[in-house]
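Here's the structure, in structure tokens; my notes come after.
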Amino acid sequence: MKTTDTEAETGTNAAPESRPSNFVRDIILDDLKTNKYGGRVQTRFPPEPNGYLHIGHAKAICLDFGLADEFHGHTNLRFDDTNPEKEETEYVDSIMADVKWLGFNWDGLFYASDYFDQLYEWALKLIRDGKAYVDDLSAEEIRKYRGTLTEPGKDSPYRNRSVEENLDLFQRMKAGEFPDGSRVLRAKIDMASPNLNMRDPVMYRILHAEHHRTGNKWCIYPMYDYAHGQSDSLEKVTHSMCTLEFEDHRPLYNWFIQQLGIFPSQQIEFDRLNLTHTLLSKRKLRQFVQEGRVRGWDDPRMPTLSGIRRRGYTPEAIRNFVASIGVSKTTGSIELAMLEHFVREDLNKRAPRVMAVLRPLKVVIDNYPQNQVEEMDAVNNPEDPAAGSRKVPFSRVLYIEQDDFREVPPPKYFRLSPGREVRLRYGYFVTCTSVVKNDKGEVVEVHCTYDPATRGGNAPDNRKVKATIHWVSAAHAVDAEVRIYENLFLKADPSDVEEGQDVLDNLNPNSLEVVTSAKLEPSLATATVGSRYQFERLGYFSVDPDSRPGKPVFNRTIALKDTWAKVERKQGGKS
RNA sequence: UGGGCCGUCGACUAAUGGUAGGUCAAGUGCCUUUGGAGCACUUUGUCUAGGUUCGAAUCCUAGCGGCCCAGCCA
């Protein structure tokens, strides 16, 4: 297993000693010390191909691959494809693409369905050993016989069939002699166990369904509990990490391995990722897609890896985020702000700066020569001198952001207003002299004068201005569509719903805002799909695949921190 | 109300019987040709009650609180 080194990774591989410890690493360290597995570390990432991967899976991926990597071990990608009714090749493909994008390469590529023959042989063995039996009870009867949380279950009347009869029936189940749901194969364990998973769990069910890989070869399919541990064992997995809800399954995981006398993989459970303002449920996400609440699995508002990739998040940011949140067994919820911090941190280092105006307000510099155009020098990235500089055209008519002008400036507002001088970034100092309004009284044009001595943005007399604002030359501007996203959920906990409502009622109706007439500096005319920029003073933006020649489409990845917005909020909102 | 797991700043997480620390968030100041970034500083924490111990966030007991389990899903 190796991580794929992407851009600007030099020196960011933190020294192992500075890595915060966690209980999973401690277990591995201990196993290494006691030579439990001959010094070997083998993990696996085992998604079911029934949907797209989301940020929660990123935690598992980073853990599975990262821990193995740390101890020079190996990691397999294994598709847990034991339920043909839910699984599709489309999902297999997207999962592989997402894992690679995150920066990981698997050693072995496996499918639980690779093991169907072996699993079947092992089932025959368990039957012969008197550890499994065919049950004719219906699903509902099985539920009734199972008992409850507080009452023990009852043995099925079919529990004590002879080995011969069980063998015959199970082989005929496989041969397709019985309809779906008519019989199951169950492990014979303990109907009175306080752990419901041990009350004779179902091993095989009859499903006359086409499997995305094995086609119609099988009409009986193993259950998760019967397939997972043995799959781990077959791959000689040493540390099988999964989420907390499988804790109660561990005794069963161990039981099958023990009865079969096969390689003893060990299951270790950790807390799944929960993020505020975010829903991480494949089922719900699928519903959003199917009901058209979002544009697809890769809608930039989705917490899927394909969604956040399209939005402009980087794999490095996600890996840093996951590393920072740690691993434990406490059930909690991480603030979205934490994720956003790592996205900004990474983008700040790598994203070239450009000037773009989202909501244009026309500015005319009255004393600037009518047809003059100057090429101003602009730094591409103040965080990265190697990024160099570019030329940006300056002329008499410009666009600035509507927010950067106020006819009546509120307290602490430093930007342009009548009589005030500000700096046009990389341009000149300009002073507002007058405004033009439409019949509704709205300012539609601002007139200024400039000081020719301040070319580039510095005054020879050292006078200061309190604000620097960005601009785009009207004659040179590239028109663009910009999509601005808000959280899909305004509530920190999306599943906190009123009586009789569901999460869909919590969906933020304003999660997408499309700005159709943004003005970009001309260097952006050739921006390639997927490339990321900082629009100065606004945020980070990336080029969407919907872009067409001459009409780029940008997604706002995330806004810059906005101290003014905070000040304004404190003052009681916009005036 | 049976079983399992878990309780450390607002959030996440470290301290492995010996100085309660880090990151995010929040706040203050400095700096600034991005009200960005950066730098410095600050606030707030061991669920409760007993016990063991020279010493407890850590071990024990009880209580309280949270999460998970009654699919022929994973």
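Please read these numbers as outputs of a predicted model, since none were measured by experiment. Naming convention: chains lettered A, B, ... in sequence-line order (proteins, then strands); numbering from 1 in each chain.
Protein atom CG of A:L196 is 17 Å distant from nucleotide atom P of B:U1, rounded to whole Å. Between A:F23 atom CZ and B:A15 atom P there is a gap of 12 Å when expressed in whole angstrom units. One can place CE of A:M198 at 16 Å from C1' of B:A70, the figure rounded to the nearest angstrom. In this structure, the CZ atom of A:R569 is 14 Å from the C1' atom of B:G27, given to the nearest Å. Summarising the geometry, the separation between CG on A:D404 and C1' on B:G36 is reported as 13 Å, rounded to the nearest angstrom. Separating the CZ atom of A:R186 from the P atom of B:A70 is a distance of 14 Å, rounded to the nearest angstrom.
Residue-level contact check: A:T330 touches the backbone only, with heavy atoms under 4.0 Å from sugar-phosphate atoms and none from bases. Within 4.0 Å of A:H249, counting heavy atoms only, lies at least one base atom of the nucleic acid. When heavy atoms are screened at a 4.0 angstrom cut-off, A:Y426 is found touching base atoms of the nucleic acid. Nucleic acid contact class of A:D26 (heavy atoms, under 4.0 Å, all strands): base. Using a 4.0 Å heavy-atom criterion, one finds that A:R425 contacts the bases of the nucleic acid, with or without backbone contacts as well. Nucleic acid contact class of A:V327 (heavy atoms, under 4.0 Å, all strands): sugar-phosphate only. Within 4.0 Å (heavy atoms only), A:A139 reaches at least one base atom of the nucleic acid. Across all strands, A:T82 comes closer than 4.0 Å only to sugar-phosphate atoms, never to a base (heavy-atom distances). Residue-level contact check: A:Y204 touches neither bases nor backbone, having no heavy atom under 4.0 Å from any strand. Within 4.0 Å (heavy atoms only), A:R344 reaches no atom of the nucleic acid at all. Heavy atoms of A:S333 sit under 4.0 angstrom from primed sugar atoms or phosphate atoms, though from no base atom. A:I142 comes within 4.0 angstrom of a nucleotide base, judged by non-hydrogen atoms across all strands. A:V202 comes within contact range of the sugar-phosphate backbone alone, with a heavy-atom separation under 4.0 Å but no base atom that close. Residue A:I334 is classed as a sugar-phosphate contact, given heavy-atom separations below 4.0 Å to backbone atoms only.
For A:T563, whose side chain is taken as the heavy atoms from C-beta onward, the closest listed nucleotide among B:U23, B:G35, B:G3 is B:G35. Between B:A25, B:C73, B:U34, one nucleotide has an atom nearer to the side chain of A:K86 than all others, and that is B:C73. Closest to the A:K566 side chain, of the nucleotides B:G35, B:G27, B:A25, is B:G27. Closest to the side chain of A:E245, out of B:A25, B:C68, B:G4, is B:C68. Across B:C72, B:G36, B:A74, the shortest atom-to-atom separation from the side chain of A:P382 is found for B:G36. Distances from the side chain of A:M223 to the nucleotides B:A74, B:U13, B:A70 place B:A74 closest. Comparing B:G4, B:C69, B:G3 by their nearest atom to the side chain of A:E247 picks out B:G4. Nearest nucleotide to the side chain of A:L149, out of B:A14, B:A70, B:A74: B:A70. Here the nucleotide nearest the side chain of A:S328, chosen from B:U13, B:C68, B:G71, is B:U13. Closest approach to the A:R537 side chain among B:C72, B:U34, B:U23 is made by B:U34 (side chain taken as heavy atoms from C-beta onward).
The six-membered or imidazole ring of A:F414 lies away from that of A:W564, with a centre-to-centre distance of 6.0 Å or more. In this structure, A:H212 has its ring center at least 6.0 angstrom away from the ring center of A:Y91. A distance below 6.0 Å separates the ring centres of A:Y428 and A:F394.
Each of A:F342 and A:Y540 has a nearest nucleotide on RNA chain B; the 5'-most of these lies closest to A:F342. Judged by closest nucleotide on RNA chain B, A:Q534 is the one of A:Y224 and A:Q534 placed further toward the 5' end.
OP1 or OP2 of B:U32 has not a single side-chain nitrogen or oxygen of A:K464 nearer than 4.0 Å. Listed pair A:S21 / B:A15 meets the phosphate criterion, a side-chain N or O lying under 4.0 Å from OP1 or OP2. The side chain of A:R205 contributes an N or O atom lying less than 4.0 Å from OP1 or OP2 of B:C73. Taking only side-chain nitrogens and oxygens, A:T331 never comes nearer than 4.0 Å to OP1 or OP2 of B:C5. In this model, the phosphate group of B:G3 is not approached by any side-chain N or O of A:R199 to a distance below 4.0 Å at OP1 or OP2.
Here A:E345 does not pair with A:K349 in a salt bridge; the nearest charged N to carboxylate O distance is not below 4.0 Å. Comment: A:R463 engages A:D451 in a salt bridge, judged by a side-chain N to carboxylate O separation of less than 4.0 angstrom.
Nucleotides B:C9 and B:A25 have their C1' atoms positioned 11 Å apart, rounded to a whole Å. Taking the C1' atom of each, B:C6 and B:U42 are spaced 32 Å apart, rounded to whole Å. A distance of about 14 Å separates the P atoms of B:C67 and B:U8, rounded to the whole Å. The C1' atoms of B:C59 and B:U46 are separated by 15 Å, rounded to the nearest whole Å.
Searching all strands for a Watson-Crick or G-U wobble partner of B:U1 with both distances below 3.5 Å returns nothing. Under the Watson-Crick and G-U wobble criteria, each requiring two contacts below 3.5 Å, nucleotide B:U58 is left unpaired. The nucleotide B:A70 finds no pairing partner, because no Watson-Crick or G-U wobble arrangement with both distances shorter than 3.5 Å includes it. Across all strands shown, B:U42 pairs with B:A26; the Watson-Crick or G-U wobble distances both stay below 3.5 Å.
An anti base is found at B:G65: its glycosidic angle is more than 90° from 0.
Contact annotation: side chain of A:N195 to base of B:G2, donor-acceptor pair absent below 3.5 Å. Judged by atom type and distance alone, A:E383 reaches the base of B:G36 through a side-chain donor-acceptor pair under 3.5 Å.
The aromatic rings of A:H228 and A:Y224 are tilted relative to each other, their planes meeting at an angle between 30° and 60°. Using the six-membered ring where Trp is involved, A:H57 and A:F45 have ring planes that are perpendicular, over 60° apart on the 30 and 60° scheme. Ring planes of A:Y120 and A:F170: parallel class, angle under 30° (limits at 30 and 60°).
Note that A:R44 lies outside the cation-pi zone of A:F110, set by a 6.0 Å cut-off to the ring centre and a 45° limit from the axis.
A:E375 CD: more than 12 foreign heavy atoms inside a 6.0 Å radius.
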